[in-house]
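Numbered from 1 within each chain, the chains take letters A, B, ... in sequence-line order.
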Number of protein chains: 2
Amino acid sequence: MNVNTKSLMIDTATILFQQKGYKSVGLSEILRACNVTKGALYHHFPNGKEELLIACLQALNEEIMTDIEGIFRAHALSKEAIQAIIEKLIHNLETDGTITGYTFSSIVSEMATVSEPVRHACSALYENIQHIYCEKLVTEGFSNESASDIAWLMTASIEGAMMLCLTQKSTDPLKMIARRLPLLLRA
Amino acid sequence: MNVNTKSLMIDTATILFQQKGYKSVGLSEILRACNVTKGALYHHFPNGKEELLIACLQALNEEIMTDIEGIFRAHALSKEAIQAIIEKLIHNLETDGTITGYTFSSIVSEMATVSEPVRHACSALYENIQHIYCEKLVTEGFSNESASDIAWLMTASIEGAMMLCLTQKSTDPLKMIARRLPLLLRA
DNA sequence: ACTAACAAACAGACCGGTTGGTATGTTGGG
DNA sequence: CCCAACATACCAACCGGTCTGTTTGTTAGT
């Protein structure tokens, strides 16, 4: 049996979408990459490419959540946790050379104004990430309001730094973020 | 005479590229939007779509630079200037509903790993923006190193906040950035 | 002053390739 | 026997790009 085929397509497409964006990746490219035919794709995703994208975003959501939650469980202070997260991003970027993990700006910027379902999926993802940061900050004594602000600022700056790393072909922007963000963590 | 045709194409394409990304925008769409034919496009840009994109990025570069420089000239403190910049972005977002101005993540994430010339153009743009922030911060007494870091953090967080605004269909992320970034501006 | 020559600035038909999507098989386990 | 799980042939639409006109303003020769 192949319950695997569906998740194989999702895994493969997720990587491609993150790296190249939505429109840039053709169905044939995805299919070729995971050795699956069109019939299988439209069997599991009757609404085609966009349904596959949303499935990717949902899978990415779960993956990111468990990942970040694990890091936060391993580090007592949010200052340390956020640094560990950024270091992981840097590591990924250095080994793979492209975006992997928590960033999906490519999809956001292309699709947010075009497809509402996709926008919602992206929105949920960002909100989840921010929520984890925020919760941790509150337990460390920050007020609800400032915790929320700081958590959003973290989410935003990591996402932006990712873009800068791509253009600079360097991990320096992320390293700078890692250096400066902790300064925000004082009431 | 039509020296205008060329810049008309650049202006039109810039908006479309910023809003939808590179691959999502077809030549025919650009041509239709500014009522120009294919012959004219390939007359002014013999290397086609990508050459047009690079011309757009260069034009955007100049526009952004004069714009930001103007704002920095109008505001004594960089704290005020950065706030004015963000407010302008918020205003644009509220009136146009889509990305305008300083953000071009869509192009970065799609093209940075694919086309070196495009990556260079994007890189130059970010570096120019960061440079202005950085210079101003140095005149206010920051050390070269911390000024550079803070300037990069600003650039990144504004870019990231733009992404968040798009997904949330709200200007709140930018407003939060505007509230929290000034806290970084203390030696 | 008239015109031939030329090139810049388009216009529009045309092209091969690719796109997402569909319709019709085929196959294998329950 | 049947249906989920594919495979494959096929399709119109569109893609970026090229090609060959056509118009128009400028220049050069007589």
Side-chain angles (χ1 to χ4, degrees), chain A residues 1-57 59 106-107 110-111 113-119 121, chain B residues 1-57 59 106-107 110-111 113-119 121:
Chain A
M1 121 175 123
N2 268 349
V3 165
N4 308 17
T5 304
K6 188 169 183 177
S7 55
L8 173 64
M9 284 191 291
I10 291 177
D11 291 346
T12 311
T14 301
I15 295 173
L16 289 172
F17 284 149
Q18 275 186 293
Q19 286 177 352
K20 302 193 191 179
Y22 179 69
K23 296 265 183 174
S24 303
V25 180
L27 284 185
S28 53
E29 185 179 354
I30 299 170
L31 268 11
R32 211 182 312 123
C34 55
N35 215 34
V36 163
T37 60
K38 226 164 226 188
L41 199 161
Y42 278 88
H43 172 73
H44 292 289
F45 306 98
N47 293 334
K49 198 184 179 187
E50 188 167 319
E51 190 181 345
L52 173 61
L53 171 63
I54 292 173
C56 288
L57 288 171
S106 40
I107 296 151
E110 268 184 279
M111 299 293 289
T113 56
V114 177
S115 163
E116 273 293 296
V118 173
R119 211 207 81 226
Chain B
M1 124 177 119
N2 269 351
V3 166
N4 309 16
T5 304
K6 188 169 182 176
S7 54
L8 172 65
M9 285 190 291
I10 291 177
D11 292 345
T12 311
T14 301
I15 295 172
L16 289 171
F17 284 149
Q18 275 186 294
Q19 288 178 351
K20 303 192 189 180
Y22 179 69
K23 297 265 183 175
S24 305
V25 181
L27 283 185
S28 53
E29 185 179 353
I30 299 170
L31 268 10
R32 212 182 313 125
C34 56
N35 216 32
V36 164
T37 61
K38 230 163 220 186
L41 199 161
Y42 279 87
H43 171 74
H44 292 289
F45 306 99
N47 293 333
K49 199 184 178 187
E50 187 167 322
E51 191 182 346
L52 174 61
L53 171 63
I54 292 173
C56 288
L57 288 172
S106 41
I107 297 151
E110 269 185 279
M111 299 292 290
T113 55
V114 177
S115 163
E116 273 293 297
V118 173
R119 209 206 83 226

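Put simply, CZ on B/Arg119 and CD1 on B/Ile107 are 15.5 Å apart, with the number rounded to the nearest 0.5 Å. One finds the CD1 atom of B/Ile15 at 12.5 Å from the CD1 atom of B/Ile10 (value rounded to the nearest 0.5 Å).
Between A/His44 and D/dC6, a side-chain N or O to OP1/OP2 separation shorter than 4.0 Å is present. Taking 4.0 angstrom as the limit, B/Thr5 places none of its side-chain polar atoms (N or O) nearer than this to OP1 or OP2 of C/dA9. For C/dT19, the OP1/OP2 oxygens have a side-chain nitrogen or oxygen of A/Ser28 closer than 4.0 Å. Not one side-chain nitrogen or oxygen of A/His43 sits closer than 4.0 Å to the OP1 or OP2 atom of D/dC6.
For the side-chain hydrogen bond (donor to acceptor under 3.5 Å, both in side chains) test, no residue two or more places apart in sequence or in another chain qualifies with B/Thr113. Residues that satisfy the side-chain hydrogen bond (donor to acceptor under 3.5 Å, both in side chains) test with B/Thr12, not counting sequence neighbours, are absent from this structure. Partners of A/Ala121 according to the side chain to side chain contact (heavy atoms under 4.5 Å, CB included) rule, which considers only residues two or more places apart in sequence or in another chain, are A/Leu57. For A/Glu51, there are no side-chain hydrogen bond (donor to acceptor under 3.5 Å, both in side chains) partners at least two apart in sequence or on another chain.
Contacts between residues 9-27 of chain B and DNA chain D, counted as heavy-atom distances below 4.0 Å, involve B/Val25, B/Gly26, B/Leu27. Residues of residues 29-41 of chain B that place a heavy atom closer than 4.0 Å to DNA chain C, in numerical order, are B/Thr37, B/Gly39, B/Ala40. Contact check of residues 48-55 of chain A against DNA chain D (heavy atom, cut-off under 4.0 Å) returns no residues at all.
In this structure, the CZ atom of B/Phe45 is 11 Å from the P atom of C/dC10, given to the nearest Å. In this structure, B/Tyr42 places its OH atom 12 Å from P of D/dC15, rounding to the nearest Å. For the pair A/Asn4 CG and D/dC6 C1', the computed distance is 14 Å after rounding to whole Å.
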What does the B/S/- profile of nucleotides 25-30 of chain C look like, 5' to 3', with a 4.0 Å heavy-atom cutoff to protein? ------

Does B/Ile54 form a side-chain contact (heavy atoms from CB on, under 4.5 Å) with B/Phe45? I'd like the steps, not just the answer. CA-CA 10 Å; B/Ile54 292 173; B/Phe45 306 99; over 6 Å; no

Please lay out, stage by stage, how B/Lys49 and B/Phe17 fare under the test side-chain contact (heavy atoms from CB on, under 4.5 Å). CA-CA 11 Å; B/Lys49 199 184 178 187; B/Phe17 284 149; 4.2 Å; yes

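No donor-acceptor pair closer than 3.5 Å links the side chain of A/Glu110 to the backbone N or O of A/Gly21.
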Mind listing the side-chain donor-acceptor pairs of residues 32-43 of chain A below 3.5 Å, one per line with the distance, residues two or more places apart or on another chain?
none

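Residue pairs meeting the side chain to side chain donor-acceptor pair (under 3.5 Å) criterion with at least one member in residues 13-22 of chain A, sequence neighbours excluded, are A/Gln19-A/Thr98, A/Lys20-A/Glu29.
Smallest separation of non-hydrogen atoms from B/Ala13 and B/Cys56: CB-SG, 3.7 Å.
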